[in-house]
Protein chains: 2
Amino acid sequence: MPTIKDVASRAGVAISTVSAVINRSAPVSEEVIQRVEEAIAAIGYLPHGAAKALRSGDSRLIGLILPDITNPFFSTVARVIETVCMRAGYMTFVYNTDEDIDHEMRILKMMRAQRVAGLVLISTRSDAEHGRRLMSEINVPTVLFSSSVPATPYDAVTLDEAMASRIAIEHLAALGHRRIGVLTGRPNVSTHEERLEACVETMRAHGIEPSGDLIVAANFDQAQAFGATKALLALPEPPSAIFAFSNLMMIGMMRAVVASGLSCPRDISLVGIGDFEWPEIMNPQMTVVSMPAAEMAERSIEILLAEIASKRAPTGRRTMFEPRLIIRESTAAPRLSLPA
Amino acid sequence: MPTIKDVASRAGVAISTVSAVINRSAPVSEEVIQRVEEAIAAIGYLPHGAAKALRSGDSRLIGLILPDITNPFFSTVARVIETVCMRAGYMTFVYNTDEDIDHEMRILKMMRAQRVAGLVLISTRSDAEHGRRLMSEINVPTVLFSSSVPATPYDAVTLDEAMASRIAIEHLAALGHRRIGVLTGRPNVSTHEERLEACVETMRAHGIEPSGDLIVAANFDQAQAFGATKALLALPEPPSAIFAFSNLMMIGMMRAVVASGLSCPRDISLVGIGDFEWPEIMNPQMTVVSMPAAEMAERSIEILLAEIASKRAPTGRRTMFEPRLIIRESTAAPRLSLPA
DNA sequence: TGTATTACTCGAAACGTTTCGTGCAAGCGC
DNA sequence: GCGCTTGCACGAAACGTTTCGAGTAATACA
């Protein structure tokens, strides 16, 4: 591959002059610019990214760490971030953690080895201990996405998680449901904790005493949600509605309802957090709490790029977005309401 | 950030010795290895990727270029490739072309600037002219995925496209369909060309003369498939079945059927190429020609890594995988068959 | 007309590694 | 006891850039 040296000698100028015209970092005469650009085109020169990064100390690389790109929510996040980064002259590394904390740390290490200029991190845990580990492993501007980690100075972009639970439970309560099942995520994850707390609060506010039997952790996982839903449905007194904390768990619920020979919403109402791109092809069309994925992604990368550009310390601010309840077909009044 | 120099001075050895223990590239006494490893751990040293790449001439980077990571087919491809690469000590860049040929070339350029060691490319076009452009732009081992480009020396991993069309059309013909619509992709794409040719052949083999009215290009696109399907349905003599060349177009078809107030498979049968992860939550469950996405991805990256490792020229071989017809609910016998 | 300024170009150092030739001591065969 | 190999450690060069101080010619100012 040709180097800047080849360009220089072909154009009959010094290496530093070529650099100046490429980066427009110093005044160069029109005539020399011409010659250099011709030389570049003629030999097909492309600056060597690693050499540039090494010398300038700026990798122009950004890392995105998320649970699973296969999840449509995360893939749209990735697309948005990639697009914005490219426009700003950054390339992106996208890596999957599979919600495995050790793997997350391993990926963080790889990113650090690449000297990424910044990180958007959808972390798998959000307790203080993990926060400390993160702090020791991360030495670049970082924004947390869809989770907030205490004891940590990073900016965060999240949903208003409490509101998400509240509008879902209120919808169900308004329909007349009293026995409401909840498929939650996993302890030490802020989305889990905050949504769960708001669920309980909202139920109590509506005179429903949350029952431990009906609130089950399903790890944000489709298969676990399937199993948990079947178990819930097999209870002597099954819930008349179930609320799930993720889009994948919603799918698990629906599969379980089908597999149990029941029908939604006739036998059971279903709501979840996270929308689907083509609701009309689903059976039934799901009532969901939808989150503005693209807007959130855009905001997070904007915050990150601003922090990188300004070289300012993070503010530790949390930017929240509002979820929206979309009522479709999967929720209805309970079939027969038992006397309270 | 600490450098190898800091490690060296803390361990009381030369820089080259540190390098030798890190890379196990030369014999080092057990005692010195100890000291060096302690020093590394103590100061939290991580080799500088760009410096390594620059000096060694090996970026340990692999590029994956695909149409749209948001498409579940491609996101599973990306996951597989990322996983295999990481295991082999490579990092991956994943970029979306949006099926825009100029954007594809731009991304190729970025990849070249990063001096990626290899490329798996799901190209947007596959005519000879594009092949020539590719050849001039690509100077690293490359495997083409899901497309084959003539006049090009690259290895390719694809579906047996002819078989995909054949089994779909044969299924429809066996059910008794005579007026079969086809939603194709876009000219100059090998998946389009090969599938279309096989469609026509198979129809003729079954005594069905393909009609130009019923074969419409929808660009592999969901929205265009929606429109095309509505148009097909509004024909004076609408088809009794439609076959689409992609999973997204299948969704477009189903939406169009719903929007037209019709019912599948009662009023029309629908088949497509590409499966969905949770067919049972769809209405109706789709009959599809499924392709082994993960296996294909795995094979392609294996071929690429082998080519990189062996430093051998590509063989130009095409590895084909067999599609499989999965019959579910969206196909049935035509409602009333007109006399031929 | 002399001097300060500007516009341009250049050469060399530096970024953090790997690689290679060299040196040195110990062990070996004869 | 001598020369050879072997095992280990070292120093310096090189990878392809950017950056910076310095040099030169032309222009502007007084």
Can you tabulate the close N/O pairs, meaning under 3.5 Å, that link protein atoms to atoms of nucleotides 16-18 of chain D?
residue : atom : partner  : partner atom : Å
dT17(D) : OP1  : Tyr45(A) : OH           : 2.9
dT17(D) : OP1  : His48(A) : N            : 3.3
dT17(D) : OP2  : Ile4(A)  : N            : 2.8
dT17(D) : O5'  : Tyr45(A) : OH           : 3.1
dT18(D) : OP1  : Asn23(A) : ND2          : 3.0
dT18(D) : OP1  : Lys52(A) : NZ           : 3.4
dT18(D) : OP2  : Ser19(A) : OG           : 2.7
dT18(D) : OP2  : Asn23(A) : ND2          : 3.4
dT18(D) : O2   : Arg55(A) : NE           : 3.3
dT18(D) : O2   : Arg55(A) : NH1          : 2.8

May I ask you to say whether Asp155(A) pairs ionically with Arg299(A), meaning some side-chain N is under 4.0 Å from a carboxylate O?
-> no
Pull out every protein N or O sitting under 3.5 Å from an N or O of nucleotides 4-8 of chain D, one pair per line with the distance.
none

Taking atom CZ of Arg318(A) as the centre, does the number of heavy atoms from other residues, nucleotides or ligands within less than 6.0 Å exceed 12?
-> yes
Return no unless some side-chain N or O of Thr17(A) is found under 4.0 Å from OP1 or OP2 of dC10(C).
-> yes
Test item: side-chain donor near acceptor, Ser59(A) and Tyr90(A), under 3.5 Å | no
Side-chain heavy atoms of Leu119(A) within contact of Leu108(A), under 4.5 Å | yes
Quick one: Arg24(A) CZ to dT19(D) P, roughly how many Å, whole number?
-> 16 Å
To the nearest Å, how far apart are Arg60(A) CZ and dC15(C) C1'?
-> 17 Å
Classify the ring geometry between His192(B) and Phe220(B) as parallel (under 30°), tilted (30 to 60°) or perpendicular (over 60°).
-> perpendicular
Evaluate the side-chain proximity of Glu104(A) to Ile101(A): yes if any heavy-atom separation is below 4.5 Å, no if none is.
-> yes
Decide, yes or no, whether a salt bridge links Arg186(B) with Asp221(B) under the criterion of side-chain N to carboxylate O below 4.0 Å.
-> no
Are Ile69(B) and Val94(A) close enough that some pair of their side-chain heavy atoms sits under 4.5 Å apart?
-> no
